[in-house]
Amino acid sequence: MDFISILSIFVLACFVGYYVVWSVTPALHTPLMAVTNAISSVIIVGALIAGAAAGSPAAKWLGLLAVLLASVNIFGGFAVTARMLAMYRKKERRPAPTREGR
Amino acid sequence: MVLPYAEPTDLSIAADAVRAVEPWVAVAYLIAGVLFILALRGLSSPATSRAGNRYGMAGMLIAVVTTLITHELANLGEIVIAIAIGGAIGFVIARRISMTAMPQLVAAFHSLVGLAAVLVAVAAFLNPSAFGILGLDGNILAVTRVEMALGAAIGAITFSGSVIAFAKLNGSMSGAPILLPMRHAINLGILLAIIALTAAFAVATEAGPGEGALFWIIVALAFVVGFLLIIPIGGADMPVVVSMLNSYSGWAAAAMGFTLHNSAMIITGALVGSSGAILSYIMCRAMNRSFVSVIAGGFGAEAAAGPAGAARIDRPWKRGSADDAAFLLKEANQVIVIPGYGMAVAQAQHVLREMGDTLKEQGVAVKYAIHPVAGRMPGHMNVLLAEANVPYDDVFELEDINHEFAQTDVAFVIGANDVVNPAAKTDRSSPIYGMPVFDVGKAKTVMFIKRSMGGAGYSGVDNEVFYMDRTMMLLGDAKKMVEEINKALHD
């Protein structure tokens with residue numbers, strides 16, 4: 001991919017992000033931060049490349065350390081998000097009165 | 001590798017020729033990126049949010065597996081061990097963390113993303129051929145150098161800034177702003193130096209010690225400036241800081257995505273970057289502060305020593321007991337509960353929900369009103385109430401409920417202060433002037449649960465509502481007080 005294609009993806013993704021994030025209900029802003037934390041650890045892709053490559057031992061160990069840190073974040077981030085979202089389950093035993101505008 | 005349709009689109013860039021990969025790989029990363037978009041999209045309602053989270057996990061799995069099967073793995077064992085150790089640590093922390101401590105946890109996680117970005121950038125610098133970022137002349141391409149330096153710098157700022165934010169949120173360090181002399185000039189100088197050095201690094205063609213030094217200085221300066229940027233920001237502004245660092249962690253990931261030409265990383269970085277930026281904006285708006293004034297720091301430092309503190313001496317106020325409160329609550333048609341961080345500190349959310357249930361059984365309408373900046377991070381109060389099993393249909397935002405106070409019998413303020421302070425509307429000289437607040441003064445009775453009459457919120461501003469005839473001050477620990485009210489309600 002040349003620089004311009006990459007830049008296009010980036011700019012369009014910023015717009016997608018803008019609209020998607022505004023549609024997130026404020027009640028879920030904490031889970032939003034937790035899950036963005038988890039997905040930004042997709043940086044693990046770079047860490048895996050560094051950690052797997054032969055050639056520079058220093059780069060390899062730094063890569064492996066980055067893999068470890070990103071894994072803490074991925075597993076921790078998704079797990080804590082799941083834990084929070086489970087709390088927002090509809091409570092069946094005590095039906096809440098319906099309210100307009102929600 | 002030599003499928004007929006695998007031709008690189010642009011042969012003019014040598015690095016791309018090196019990187020000519022099978023097309024399914026690019027598609028796989030794109031799918032991962034789309035799944036991440038769906039993960040955020042799911043959060044538009046609690047009902048779809050859990051499916052969203054699973055999309056996120058699937059996206060991450062696709063990205064990781066794609067990377068692993070498309071690269072020569074010299075040491076799969078070590079990688080699996082690193083993932084297993086990191087994953088176990090993350091999982092255990094996620095299971096054990098209390099919901100009150102969520103802001104600290106998120107700050108700590110941000111610091112890890114930042115550090116990982118720095119490490120990846122450094123590894124790419126040390127071993128560029130593994131990343132396919134070498135030009136034909138054997139040097140790292142100039143564009144790539146800029147991306148790498150930016151990724152490392154933003155990552156380093158995210159790391160050291162998040163460490164300070166964590167320490168402040170965790171109470172390991174005072175939340176009071178630390179104001180260095182000349183701090184604006186110093187910070188601006190360092191940021192400009194980072195930009196200048198990045199430019200110099202981009203055009204440095206000779207691989208060698210000089211070039212390496214430039215890169216290391218950029219990283220070191222970024223660590224320092226991240227630290228300096230956050231220490232002057234006071235505890236009250238932490239929701240903005242946490243959101244801002246969230247944004248930075250995204251931009252760092254995006255910059256590394258540019259370096260690696262990886263669409264999953266770029267899409268994610270852009271999503272996370274915009275997400276954090278929007279949350280910062282929402283938080284600033286909810287405090288009527290400009291983003292610049294928050295970043296400049298120092299809020300809360302001058303107010304604490306100002307005349308606002310002296311004004312509250314010897315004014316009459318009414319103290320109520322749990323029995324008085326229970327009596328009024330039972331008689332009410334509608335009660336609106338306004339929780340603040342004090343409730344979280346006292347861990348009073350569960351007893352509060354019990355109180356709400358008891359009142360509902362007696363025919364009282366109970367609603368919960370949440371200010372956008374209640375708590376230490378966006379949405380923090382909502383999570384705490386959800387944890388206590390408060391149905392989310394009973395929880396309202398500021399603009400949806402503020403008009404109802406005039407028809408409300410009891411406004412029940414627990415551990416909040418600034419968000420119900422009318423000075424935000426009436427007193428131009430107040431540090432919180434212009435901040436949207438709940439009009440609790442319009443309710444027939446206002447009850448305040450507060451530890452003592454001494455402390456007055458973060459801003460250090462006194463609150464006129466304390467001294468109204470219709471206000472009842474319930475002094476004591478929030479949890480104990482609500483427990484006593486519960487007992488009185490059952491009698």
Side-chain angles (χ1 to χ4, degrees), chain A residues 1-3 9-10 13-14 16-18 20-21 23-24 26-30 32-33 35-37 39-43 45-56 58-59 62-76 78-82 84-85 87-88 91 96 99, chain B residues 10 36 40-41 43-44 46 49-50 53 56-57 63 67 71 73-74 79 82-83 85-87 89-91 93-94 106 109 112-113 116-117 119-120 122-123 126-127 130 246 249-250 253 256 260-268 270-272 274-275 278 378-380 382-383 386-387 391 393:
Chain A
M1 277 190 285
D2 58 303
F3 182 73
I9 295 177
F10 177 70
C14 284
V16 171
Y18 180 86
V20 169
V21 171
S23 77
V24 172
L28 294 176
H29 277 164
T30 296
L32 170 69
M33 295 191 87
V35 82
T36 51
N37 226 311
I39 64 172
S40 61
S41 301
V42 70
I43 196 134
V45 167
L48 289 170
I49 296 172
S56 163
L62 291 175
L64 285 175
L65 180 58
V67 169
L68 192 143
L69 297 178
S71 303
V72 172
N73 231 331
I74 291 170
F75 285 81
F78 282 124
V80 86
T81 307
M84 279 190 272
L85 295 177
M87 295 171 182
Y88 285 84
K91 312 297 184 301
R99 310 206 184 269
Chain B
D10 188 351
F36 291 147
L40 300 198
R41 177 74 195 136
L43 291 171
S44 59
S49 60
R50 283 174 292 275
N53 199 36
M57 294 182 205
T67 310
H71 287 84
L73 298 177
I79 287 174
I83 294 178
I85 295 174
I89 295 173
F91 198 74
I93 293 174
V106 167
F109 279 172
L112 298 184
V113 180
L119 294 176
V120 172
V122 170
L126 294 176
N127 192 6
N246 183 235
S249 67
M256 295 318 297
L260 302 182
H261 290 208
N262 183 297
S263 58
M265 283 168 84
I266 293 169
I267 294 173
T268 313
L271 289 177
V272 178
S274 352
S275 167
I278 290 171
H380 191 195
N382 301 78
V383 171
E387 184 194 15
D393 294 313

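Within every chain, numbering begins at 1; the chains are lettered A, B, ... in the order of the sequence lines, protein sequences first and strands thereafter.
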Who wins among Gly46(A), Ala82(A), Ala79(A) for the most heavy-atom pairs under 4.5 Å with chain B? Gly46(A)
Below 4.5 Å from any heavy atom of chain A, which atoms of Thr67(B) appear? Answer side chain, backbone, both or neither. side chain
Least distance between heavy atoms, Ala13(A) atom then Ala270(B) atom: CB-CB, 3.5 Å
Do any N or O atoms from the side chain of Asn382(B) and from the backbone of Leu28(A) form a donor-acceptor pair under 3.5 angstrom? no
Cut-off 4.5 Å, heavy atoms of chain A, and the answer for His380(B) is both
Contact between Ile267(B) and Phe10(A) at the side-chain level, heavy atoms closer than 4.5 Å - yes or no? no
With a 4.5 Å cut-off on heavy-atom pairs, point out which of Val80(A), Asn37(A), Leu48(A) contacts chain B the most. Asn37(A)
A side-chain contact here means heavy atoms from C-beta on lying under 4.5 Å apart; do Leu32(A) and Ser275(B) qualify? yes
Flag the one option from Ala59(A), Ser71(A), Ala58(A) with the top tally of heavy-atom pairs under 4.5 Å to chain B. Ser71(A)
Non-hydrogen atoms of chain A under 4.5 Å away: do they reach the side chain of Met256(B), the backbone, both or neither? side chain
Under 4.5 Å, counting heavy-atom pairs only, tell me which of Ser40(A), Gly17(A), Ala50(A), Ala54(A) racks up the most with chain B. Ser40(A)
What residues, two or more places apart in sequence or in another chain, satisfy side chain to side chain contact (heavy atoms under 4.5 Å, CB included) together with Thr268(B)? Ile39(A), Val42(A), Phe36(B), Val272(B)
